[in-house]
Amino acid sequence: MSTNQSIKPITTVVNERGNLEIGGCDLVKLAETYGTPLYVIDNVTLRSICREYKEAFASYRKVQMMYASKALCTLATSAIIASEGFGFDVVSAGEIYTVYKAGVDMSKVLFNGNNKSFDELALALDLDVGRISVDNFFELSLLNEIALSKNKNVDILLRITPGIECHTHEYIQTGHLDSKFGFDLTQIDDAVELIKNEYTNLKIHGLHAHIGSQIFETSIYGDEVEILVKEIARLEQKYNIKLDEINIGGGLGVKYVETDCPPEPKDIASIVIQRLNSAIEKYNIELPTVFIEPGRSIISTSGVTLYSIGSSKQVPYGTKYVAVDGGMADNARPSMYQAEYTAQIVNKPNIKDALQKVTIAGRFCESGDILIKNIELPNPEEGDILCVFNTGAYNYSMASNYNRVQKPAMVLVNNSQSDIIVNRETLEDLISHDVIPNGLS
Ligand code: LLP
């Protein structure tokens, strides 16, 4: 079984005290030491999926694994992922700055996004970001202008919309034609002509696409590869240019609940490599370098969130709500995408009797702040610690301070050791950007 096919971090066990343990660390102890809510990242699980991806694509000579930072971007996790040989897909000055500060080789960074600002592009050039994936005509002109002003040449890809629909939540589909991302296939020629004739500080290396997220199908990756190779071959011929890079984006799904059956990296790799080899022959081009940029499937399974259970409410003849000390501000996914999660009570993971069907409610002031509906838990009580699995991706990275609540801390666990990698926000942090203008009465 591959790491992304496991709901829990691969080091999860029940220890001799009867508590859940991850990375050799007792989760009850972690909650006591660091407080809750607490994000926990397991080093072994994170490294294991990175290695699975590398092995999966090892038979293809020219491959560069990238990590989509938007799933989770911190100094420590970036340093770990970089040490596994990955490059980074970044989408903002904040992500650029974080990976830079984490010591990432900036030549392996790709800057992506549909509305990059002048300042962000300028920062990317100043820090020698390796590739910029240009999304639209406005950006082509803006980037060339900045490049000219800095007397630099910039290496770019063109982001295209390949016209592939994947079966995932509508908000996280990106490759279909009516999408806000990238050039439509009918617009690429104009873009290439502009680069050739006018925007001479830009050097195009290839094409970039991303078809969506939490994908369980493999065949659409084959279709995507075919489209990218076909377009590269056509553009090479028509404009007499060399395009030797394709970036197929990310998207591989993970297992949030028992009914989820995501394919593993090697399933995607075999279809991608197979289709690449046949398309290369069919369209008669040289072997391109392939970039793959998964986010969720790299980081999600390694992460869990610990919450303390507080109040409960039994609605007469209705739902039993069990409330935890976090919710939609640290995990927006259930309220945004109806996402489902699996959880266990850390201090009684093995108890199979006294099971109650409950709904885990968050502590935020919205009826929609529900983390898990109808989950069976052994007599959940005040003071129990709840562990929600598979929260490494798109939880902290989408966290907010709604209700003026501090964002949780994050710890890294490894070999029975735990280390803070993100400090819990303090009340002072919350007001640190506020200003009362002089004379306000
Ligand atoms: N590359 C590009 C260009 C992307 O837009 C994305 C994700 C990725 C790579 C990584 O995709 P992944 O491997 O993580 O599926 N907040 C949503 C997911 C949004 C994904 C946006 N783009 C969620 O929580 O489900």
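Values below: all heavy atoms of this structure, side chains included; hydrogens, waters and symmetry mates excluded. Both counts, for ligands and for their atoms, begin at 1 and track the order of listing. Being a predicted model, the structure only gives us computed values, none of them experimental.
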Visitor: Taking non-hydrogen atoms only, is V91 closer than 4.0 angstrom to ligand 1 via side chain, backbone, both or neither?
Guide: neither

Visitor: Could you tell me whether E376 and K357 make a salt bridge, using a distance below 4.0 angstrom between a side-chain N and a carboxylate O?
Guide: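 Judged by the 4.0 Å cut-off on N to carboxylate O distance, E376 and K357 do not form a salt bridge.
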
Visitor: Counting heavy atoms only, which of S213, A339, G212, A68 is nearest atom 15 (O) of ligand 1?
Guide: S213

Visitor: Would you find more than 12 non-hydrogen atoms of other residues, nucleotides or ligands less than 6.0 Å from F137 atom CZ?
Guide: yes

Visitor: Taking only heavy atoms of M398, which atoms of ligand 1 are found under 4.0 Å from at least one of them?
Guide: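 Ligand 1 atoms under the 4.0 Å threshold to M398: 16 (N), 24 (O).
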
Visitor: Would you indicate which of M336, K70, R333 comes nearest to atom 4 (C) of ligand 1 when only heavy atoms are counted?
Guide: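 Answer by nearest heavy atom: K70.
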
Visitor: Heavy-atom pairs closer than 4.0 Å: do any link ligand 1 to the side chain of F181, the backbone, both, or neither?
Guide: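 Under 4.0 Å from ligand 1, F181 contributes no heavy atoms.
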
Visitor: Would you mind listing which atoms of ligand 1 come within a distance below 4.0 Å of any non-hydrogen atom of P294?
Guide: 13 (O)

Visitor: State plainly whether the residues R234 and E231 are in salt-bridge range, i.e. N to O under 4.0 Å.
Guide: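 Yes.
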
Visitor: Any idea which heavy atoms bring Y39 and T305 closest together, and the distance?
Guide: CD2-OG1, 3.5 Å

Visitor: Is it the side chain, the backbone, both or neither of R296 that has a heavy atom closer than 4.0 Å to ligand 1?
Guide: both

Visitor: Does the ring center of F86 lie less than 6.0 Å from the ring center of Y67?
Guide: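 Centroid distance F86-Y67: not below 6.0 Å, so no.
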
Visitor: Would K373 and E340 pass as an ion pair if we require N to O under 4.0 Å?
Guide: no

Visitor: Can you sort out which atoms of ligand 1 are near G251, meaning under 4.0 Å from one of its heavy atoms?
Guide: 11 (O), 12 (P), 13 (O), 15 (O)

Visitor: Between K230 and Y283, is NZ or CZ placed under 6.0 angstrom from the six-membered ring centre and within 45° of the ring axis?
Guide: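 No; the conditions do not both hold, so K230 does not lie above the ring face of Y283.
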
Visitor: Determine whether the side chain, the backbone, both or neither of I215 has a heavy atom under 4.0 Å from any heavy atom of ligand 1.
Guide: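 No part of I215 is near ligand 1 at this cut-off.
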
Visitor: Polar contacts were defined as any N/O atom of the residue lying under 3.5 Å from an N/O atom of the ligand; does this apply to S297 and ligand 1?
Guide: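 Min N/O separation from ligand 1 is not below 3.5 Å for S297.
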
Visitor: Mark up the atoms of ligand 1 that fall under 4.0 Å of a heavy atom belonging to G295, in ascending order.
Guide: 10 (C), 12 (P), 13 (O), 14 (O)

Visitor: Give the numbers and elements of all ligand 1 atoms closer than 4.0 Å to a heavy atom of R159.
Guide: 3 (C)

Visitor: Assess K116 against F111: is NZ or CZ under 6.0 Å from the centre of the six-membered ring, and within 45 degrees of the ring's axis?
Guide: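 Positive - K116 is close enough to the ring of F111 and near enough to its axis.
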
Visitor: To the nearest 0.5 Å, what is the distance between CD1 on I298 and CD on E84?
Guide: 9.5 Å

Visitor: Looking only at distance, does Y394 have an N or O less than 3.5 Å from an N or O of ligand 1?
Guide: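 There is such a contact, yes.
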
